[in-house]
Amino acid sequence: MKAYVFPGQGAQFVGMCKDLYENSELGKELFDKANEILGFNITELMFNGTDEDLRQTKVTQPAIFLHSVILAKTLGDDFKPEMVAGHSLGEFSALVANGALSFEDGLKLVSQRAIAMQKACEIEPSTMAAIIGLDDETVVRICDEIDEIVVPANFNCPGQLVISGSIKGIEIACEKLKEAGAKRALPLKVGGAFHSPLMEPARIELEEAIKNTHFSAPTCPVYQNVNAKPIIDPEEIKKNLVAQLTAPVRFTQIMMNMIADGASSFTEVGPGKVIQGLVKKVDRKMETFGVDSYQA
């Protein structure tokens, strides 16, 4: 079975998707439509902006979504997913790719999500850190022992986990995790504590938007971030999408479950090769492919 996976925030780069816009009529049409829906010229920022422009959450999330989704659509009949998943924001790309969401509705939700998250970041200064070379159980236990908001946010692959929380909480956690044997504990350059209780204001805002959006029965299961299970029921998909904002991304478990359920290859659709690398950390023999530019 072919698994298609979609990257999240952090994979953006200046010039992304320019070839799609210039070489695909469908690509150009969808990008022009995206500019209308968003109310600003995102293509100009993607093609000719600065790294700083692209790092703004309200730009980053729609940009990565557009790269992944428009690429998938331009693949035509070659794109036949039998199972899909996305890392954080990438879950929205996966849901458009498997027919649960329309392109327009998916983009509107991604934009609303990005703006809500940005607002939540401004309420209380917060951050994230990558923890390398320590088992998940130890990281979870140490986070639980700290008297500050600090939680596991992304279970990326064995030995690689991202934590999220208050600035003080992350500082304390990094020290304690290094003492416990972590090879590295690296603060990340992010706007706030994504996938933590500090995103509760964004969760409330997004819940209303998702409730008012039509979701269809998908063409194949989506392995969702919050529980790593294959879901096809639209109402359950919606509920899990809302919960995703304050819950950890269980990507290690998603990859393991997809492999256990018969995935024979993983194709990453969108910018970068991060997810292909994560798959190899779970099963180095697994075939991985990437689609990151226009396929003539």
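Values reported hereafter were calculated over all heavy atoms of this structure, with side chains retained and with hydrogens, waters and symmetry mates removed.
Ser68 OG to Leu89 CG: the interatomic distance, rounded to the nearest 0.5 Å, is 7.5 Å. Put simply, OG on Ser111 and CD on Gln61 are 9.0 Å apart, with the number rounded to the nearest 0.5 Å. Rounding to the nearest 0.5 Å gives a distance of 10.5 Å between OG of Ser93 and NE2 of His67. Annotation: the span from Lys2 atom NZ to Ser265 atom OG amounts to 6.5 Å, rounded to 0.5 Å. Rounding to the nearest 0.5 Å places CG of Leu109 at 9.5 Å from CG of Leu95. We find the CZ-CD distance between Phe47 and Glu22 to be 7.5 Å, quoted to the nearest 0.5 Å.
Side chain to side chain, Arg55 and Gln9 fail the donor-acceptor criterion of an N or O pair below 3.5 Å. Side-chain contact, Asn156 with His87: a donor N or O sits under 3.5 Å from an acceptor N or O. Counting only N and O atoms by type, the side chains of Thr219 and Asn98 include no donor and acceptor under 3.5 Å apart. Counted by atom type alone, Asn41 and Thr43 present one or more donor-acceptor pairs between their side chains at under 3.5 Å. Neither side chain, Thr246 nor Glu200, offers a donor N or O lying under 3.5 Å from an acceptor on the other.
When the side chains of ILVMFWY residues are joined at heavy-atom separations under 4.5 Å, either directly or via intervening members, Ile142 and Ile132 end up in two distinct hydrophobic clusters. Taken together through direct or relayed side-chain contacts under 4.5 Å among Ile, Leu, Val, Met, Phe, Trp and Tyr, Val162 and Leu177 form parts of separate hydrophobic clusters. Side-chain heavy atoms closer than 4.5 Å link hydrophobic residues (I, L, V, M, F, W, Y) into clusters, and following such links, even through other members, never connects Val139 to Val151. Residue Leu241 is not grouped with residue Val5 when hydrophobic side chains (ILVMFWY) are merged at heavy-atom distances under 4.5 angstrom, including chains of intermediate members. Leu134 and Leu188 fall into different hydrophobic clusters, where Ile, Leu, Val, Met, Phe, Trp and Tyr side chains are chained together by heavy-atom contacts under 4.5 Å.
Proximity of a side-chain donor or acceptor of Asn23 to a complementary backbone N or O of Asp19 within less than 3.5 Å is detected. At least one donor-acceptor pair closer than 3.5 Å links the side chain of Lys238 to the backbone N or O of Thr213. A side-chain donor-acceptor contact under 3.5 Å links Ser264 to the backbone of Met1. Between the side chain of Ser126 and the backbone N or O of Ser166, no donor-acceptor pair lies under 3.5 Å. With hydrogens and angles ignored, the 3.5 Å screen pairs no side-chain donor or acceptor of Ser24 with any backbone N or O of Tyr21.
Proximity of Val150 to Ser164: side-chain heavy atoms (C-beta onward) are nowhere separated by under 4.5 Å. Between Cys157 and Phe251 the shortest side-chain heavy-atom distance does not fall below 4.5 Å. Contact check for Leu161 versus Ile163: side-chain heavy atoms found under the 4.5 Å cut-off. At least one side-chain heavy atom of Asn227 sits under 4.5 Å from a side-chain heavy atom of Gln224. Pro218 places a side-chain heavy atom less than 4.5 Å from the side chain of Ile237. Contact annotation: the side chain of Leu30 approaches that of Phe103 to within less than 4.5 Å [non-hydrogen atoms, C-beta and beyond]. Within the 4.5 Å cutoff, the side chain of Glu104 has no heavy atoms near those of the Leu107 side chain. Counting heavy atoms from C-beta outward, Asn257 and Tyr223 have side chains that approach closer than 4.5 Å.
Annotation for Val96 and Val69: closest pair CG1-CG1, 3.6 Å, computed over non-hydrogen atoms. In plain terms, the two heavy atoms of Phe13 and Pro271 that are nearest each other are CE2-CB, 3.8 Å. Across every non-hydrogen atom of Pro152 and Pro248, the tightest pair is O-CB, 3.4 Å. The nearest pair of heavy atoms linking Ile64 to Ala11 is CD1-N, 3.9 Å. Taking each heavy atom of Met286 and Ala263 in turn, the nearest pair found is CE-O, 3.4 Å. Between Pro62 and Ala114, the shortest heavy-atom contact is CD-CB, 4.5 Å.
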**OP:** Go through the steps to decide whether Thr267 and Thr288 satisfy the test side chain to side chain contact (heavy atoms under 4.5 Å, CB included), and finish with yes or no.
**Re:** CA-CA 6 Å; Thr267 301; Thr288 60; over 6 Å; no
**OP:** Step by step, work out the salt bridge (charged side-chain N to carboxylate O under 4.0 Å, His left out) result for Glu145 and Arg141.
**Re:** CA-CA 6 Å; Glu145 290 168 358; Arg141 176 178 57 76; 3.2 Å; yes
Subject >> Trace of the side chain to side chain contact (heavy atoms under 4.5 Å, CB included) decision for Val282 with Met256 >> reply: CA-CA 7 Å; Val282 170; Met256 288 175 170; 3.9 Å; yes
Original post:
What do the steps show when you test Asp292 against Val269 for side chain to side chain contact (heavy atoms under 4.5 Å, CB included), and what is the final call?
Top reply: CA-CA 6 Å; Asp292 61 3; Val269 185; over 6 Å; no
Subject >> Residue pair Cys17, Phe31: steps toward the side chain to side chain contact (heavy atoms under 4.5 Å, CB included) verdict >> reply: CA-CA 9 Å; Cys17 283; Phe31 277 118; 3.4 Å; yes
Original post:
After noting the C-alpha distance and the side-chain angles of Glu25 and Lys28, does the key distance pass the salt bridge (charged side-chain N to carboxylate O under 4.0 Å, His left out) rule?
Top reply: CA-CA 5 Å; Glu25 277 185 41; Lys28 183 178 186 308; over 6 Å; no
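Counted within 6.0 Å of NZ on Lys229, heavy atoms from surrounding residues, nucleotides or ligands total 12 or fewer; the atom is thus considered open. Heavy atoms of other residues, nucleotides or ligands lying less than 6.0 angstrom from CD1 of Ile232 number 12 at most. Around atom CG of Asn212, more than 12 heavy atoms belonging to other residues, nucleotides or ligands sit under 6.0 Å away. The environment of NZ in Lys176 is sparse: at most 12 heavy-atom neighbours from other residues, nucleotides or ligands sit within 6.0 Å. The 12-atom threshold is exceeded at CD of Glu122, counting heavy atoms of other residues, nucleotides or ligands nearer than 6.0 Å.
For an aromatic pair to be called close, the ring centres must be under 6.0 Å apart, and Phe289 with Phe266 fails this. Within the 6.0 Å centre-distance limit, the rings of Phe79 and Tyr4 are counted as a close aromatic pair.
Side-chain contacts under 4.5 Å among hydrophobic residues (ILVMFWY), followed directly or transitively, place Ile115 with no other residue at all.
Considering Glu205, Gln244, Gln118 in turn, Gln244 is the only one that fulfils the side-chain hydrogen bond (donor to acceptor under 3.5 Å, both in side chains) rule with Arg113. Each of Arg250, Glu91, Gln253, His195 was scored for a side-chain hydrogen bond (donor to acceptor under 3.5 Å, both in side chains) with Asn225, with one residue passing: Glu91.
A salt bridge links Glu207 to Arg203: one of the charged nitrogens lies within less than 4.0 Å of a carboxylate oxygen. A salt bridge does not link Glu268 to Lys273: none of the charged nitrogens lies less than 4.0 Å from a carboxylate oxygen.
Residues satisfying the salt bridge (charged side-chain N to carboxylate O under 4.0 Å, His left out) test with Lys178, not counting sequence neighbours, are Glu175.
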